[in-house]
2 protein chains.
Amino acid sequence: MLTERQLLILNAIIDDYITHAEPVGSRSVSKREDIEFSPATIRNEMSDLEELGFLEKPHSSAGRIPSQKGYRYYVDHLLSPKKLTKNEIHGIQSVFRDRFSEMEQVIQQSAKILSSLTSYTSIVLGPEVFESTLKQIQIIPISHESAVAIIVTDMGHVENQTVPLPEGININELEKVVNILNEKLKGVPLIHLRHKLSTEIGKVLEKYIDHYDSMITLLNQTFLSQQSEKVFFGGKTNILAQPEFHDVERVKRLFNILEEDALVSKLFRSDYKGITIKIGQENRFEPFDDCSVITATYSVDGKHMGTVGILGPTRMEYPRVIGILDYLSKDLSKLLSARYQK
Amino acid sequence: MLTERQLLILNAIIDDYITHAEPVGSRSVSKREDIEFSPATIRNEMSDLEELGFLEKPHSSAGRIPSQKGYRYYVDHLLSPKKLTKNEIHGIQSVFRDRFSEMEQVIQQSAKILSSLTSYTSIVLGPEVFESTLKQIQIIPISHESAVAIIVTDMGHVENQTVPLPEGININELEKVVNILNEKLKGVPLIHLRHKLSTEIGKVLEKYIDHYDSMITLLNQTFLSQQSEKVFFGGKTNILAQPEFHDVERVKRLFNILEEDALVSKLFRSDYKGITIKIGQENRFEPFDDCSVITATYSVDGKHMGTVGILGPTRMEYPRVIGILDYLSKDLSKLLSARYQK
DNA sequence: TTTAGCACTCGACAATAGAGAGTGCTAACA
DNA sequence: TGTTAGCACTCTCTATTGTCGAGTGCTAAA
């Protein structure tokens, strides 16, 4: 267990390092208002803290920097979210003011304001399509051989996909199929569409139409489509301003990951309702070793919808970022719930 | 006018600089197989070429590097497109093999293969939505106050947008409107929808429905939507491997532009049928001063659809890139024409 | 237990020197 | 007259050295 004084000093060092990005020496700690010990005393404590694994030295005659364990302790025990400034609150609310911009636009705007408030990189996932249910399905022929299939969900989300048409199928038949589908599948979660198709629906269709096999293939293809959630970024280049990323090689490795939506989704996705903080290697991706990721989830009517998150250096302003994320995720949930409740 | 020998030397220098990214000295030029003059002679010629503005010196005791004017001359007079290797042809065709992937997927794949073949960054624009015509329009109510409007084009492209519903409108009325729209607007280019609405259609609607004003607002909003063409990237981080971008500050400026679809679109868009090459400052964007952009257009049935392009250092392998772009753009046009012709 | 004092360590920075690549000029050569 | 060899000169790059300062860790005194 750490003593009161050790906590004080650990807190001071992390605080200092977060703002100045430079190893913190005993002298500069002792100069702080809230600390009244001599540098020598602090040196002893720092030495102990290092032995315990909370601090480390870049080299023998530099100051100390927080270790990953140090940040973890700080985040778990020392930190309290910072209250938002009027400006910050104002900025966030301006996103939600425009009552009828599309959901995707709201989310994109959220990402933007997050990054501009924090000056880190923001990432917003979702909404997760497969949790929503089918509102309507349409299949519109484009040429003799292809059609575009459109799926509308209860949340107003639209998915579409081009599919090959069975040869020789006629418009009436196609219409019949679509009617059956709409009748039988309305309200079914997208994730269950394929299953329903292979069970009940298949049998019904078999009775009514000629081109059964190729039609089933077509529908399967339609329902298979985009499972992955959309990824929205804000301030993608903000992270480059951090001294941690002054090396292009590292930038490249980082951006290679950010370009892959599937990876980003995996990395940021959170199901835990509330704030999640992952520090350095806790992210399990080498290029993120010097980064922390803070995420919060948003929901509609209490149902989990997606994740908003911030990517910054491990040396990130945790209290402020947490405050902002918490506020925004709650506001976003409120807005979406109001708009899309049944 | 340049002499035969000056051309030879200019060509040799650019060639060398393109592959090695280092100032080229007289000695290394004289060592090339196709050149049989002494370094001294070459020095004299280089001095002349510099005076004429085709070469420049980083400093007084380095070799020469091509100037922007040098590249321009090279591109206009010296270069001939390189034939594709079997591998390259194979790579490109693999993109087009999957007969029924969606148009957007084909385009995304094209971007990917382009970047992996050239190891530069590739950018594909389009297809340009507003050139295509309306196939079908739908308005599907999502809640009491909002609906999602869906526009399908003759190319199978789907646009959708959430719009507020006029208060108190009933389903039948909405259906009536949609029917009228479909009847009157089928085949109309998207770009003319708003105009048509304010002229003929408006009058017809006025007769039939109650909530005329708010309905018109709704439709206007629907038709207003996405004018901008989509931007697809491949190998966005490839450009970071170039020594020109070893400086993070520069990377940041470049990526800030690439993040803005509208800017990218402006920068890359080409209407000229064929290959366009923009070198360095010809791009009119400071962060692109050391970059060249090569673009080609693709079309459907001879109608201009979009642009495929490569972003690389000015020191780019022009002959190879031009060859590849030419091949791919033609193949892409062929595929799309086959699929979407009337 | 805390603190002052002091020797020691290490990185950052500037100054210096030497190597190497390349040029430009001059004079000799074909 | 065009080409080439020779050579002094220029400039960058790298390695080396020395100095400075920040910071530590230890010891001994308060």
Side-chain angles (χ1 to χ4, degrees), chain A residues 1-10 12-17 19-32 34-67 70 243-244 246-247, chain B residues 1-10 12-17 19-67 70 243-244 246-247 315:
Chain A
M1 214 12 233
L2 297 181
T3 67
E4 197 67 16
R5 192 166 70 188
Q6 283 175 322
L7 293 183
L8 197 61
I9 291 175
L10 180 58
I13 290 175
I14 295 185
D15 235 52
D16 196 274
Y17 188 64
T19 46
H20 299 110
E22 238 140 64
V24 186
S26 52
R27 234 176 82 83
S28 68
V29 172
S30 84
K31 272 199 203 131
R32 288 173 62 109
D34 54 341
I35 286 188
E36 37 203 7
F37 315 100
S38 78
T41 311
I42 292 166
R43 278 207 288 283
N44 288 331
E45 296 286 24
M46 280 163 89
S47 180
D48 289 352
L49 283 169
E50 185 180 355
E51 210 161 299
L52 291 167
F54 294 104
L55 298 177
E56 41 195 44
K57 276 190 294 205
H59 57 83
S60 76
S61 80
R64 304 297 209 292
I65 62 176
S67 67
E244 280 85 348
H246 263 352
D247 167 39
Chain B
M1 212 18 230
L2 296 180
T3 66
E4 197 67 18
R5 192 167 70 188
Q6 283 175 324
L7 293 182
L8 197 61
I9 291 175
L10 180 58
I13 291 174
I14 296 184
D15 234 52
D16 196 274
Y17 188 65
T19 47
H20 299 109
E22 238 139 65
V24 186
S26 53
R27 236 177 80 83
S28 67
V29 173
S30 83
K31 271 197 204 134
R32 288 173 62 109
E33 284 185 7
D34 53 342
I35 285 186
E36 36 204 8
F37 314 100
S38 78
T41 310
I42 292 168
R43 277 206 289 285
N44 288 330
E45 296 286 23
M46 281 163 89
S47 179
D48 289 351
L49 284 170
E50 184 179 355
E51 210 161 300
L52 291 167
F54 294 104
L55 297 177
E56 40 194 44
K57 275 189 293 204
H59 57 83
S60 76
S61 82
R64 304 298 209 291
I65 61 175
S67 68
E244 281 84 348
H246 264 353
D247 167 39
R315 186 185 59 68

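So that the names make sense, note that chain A is the first sequence line, chain B the second, and so on, each numbered from 1. Being a predicted model, the structure only gives us computed values, none of them experimental.
- Following rounding to the nearest Å, A/Asp48 (CG) and D/dG25 (P) show an atom-to-atom distance of 10 Å.
- Rounded to whole Å, atom P of D/dG23 lies 15 Å from atom CD of A/Glu50.
- Nucleotide D/dA22 holds its P atom 16 Å from the NE2 atom of A/His20, rounded to whole Å.
- In terms of heavy-atom proximity, B/Pro58 sits nearest to B/Gly63 at CD-O, 3.3 Å.
- Heavy-atom distances under 4.0 Å link DNA chain C to A/His59, A/Ser60, A/Ser61 of residues 51-67 of chain A, given in residue order.
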When you look at A/Leu52 and A/Leu2, which way does the side chain to side chain contact (heavy atoms under 4.5 Å, CB included) test go after all the steps? CA-CA 9 Å; A/Leu52 291 167; A/Leu2 297 181; 3.5 Å; yes
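- Between A/Arg64 and the choices A/Glu22, A/Glu56, A/Glu50, the salt bridge (charged side-chain N to carboxylate O under 4.0 Å, His left out) rule is met once, by A/Glu50.
- Annotation: B/Arg27, atom CZ; neighbour count of heavy atoms from other residues, nucleotides and ligands within 6.0 Å does not exceed 12.
- Atom CZ of B/Arg27 is separated from atom C1' of C/dG22 by 10 Å (rounded to the nearest Å).
- In terms of modelled atom types and a separation under 3.5 Å, the side chain of A/Ser26 and the main chain of A/Ile42 share no donor-acceptor contact.
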Which letter, B, S or -, goes with each nucleotide of nucleotides 1-6 of chain C from 5' to 3', with contact meaning a protein heavy atom under 4.0 Å? -SBBB-
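- Between B/Met46 atom CE and C/dG22 atom P there is a gap of 9 Å when expressed in whole angstrom units.
- Smallest separation of non-hydrogen atoms from A/Val29 and A/Ala12: CG1-CB, 4.3 Å.
- Rounded to a whole Å, the CD atom of B/Glu4 is 17 Å from the C1' atom of D/dG2.
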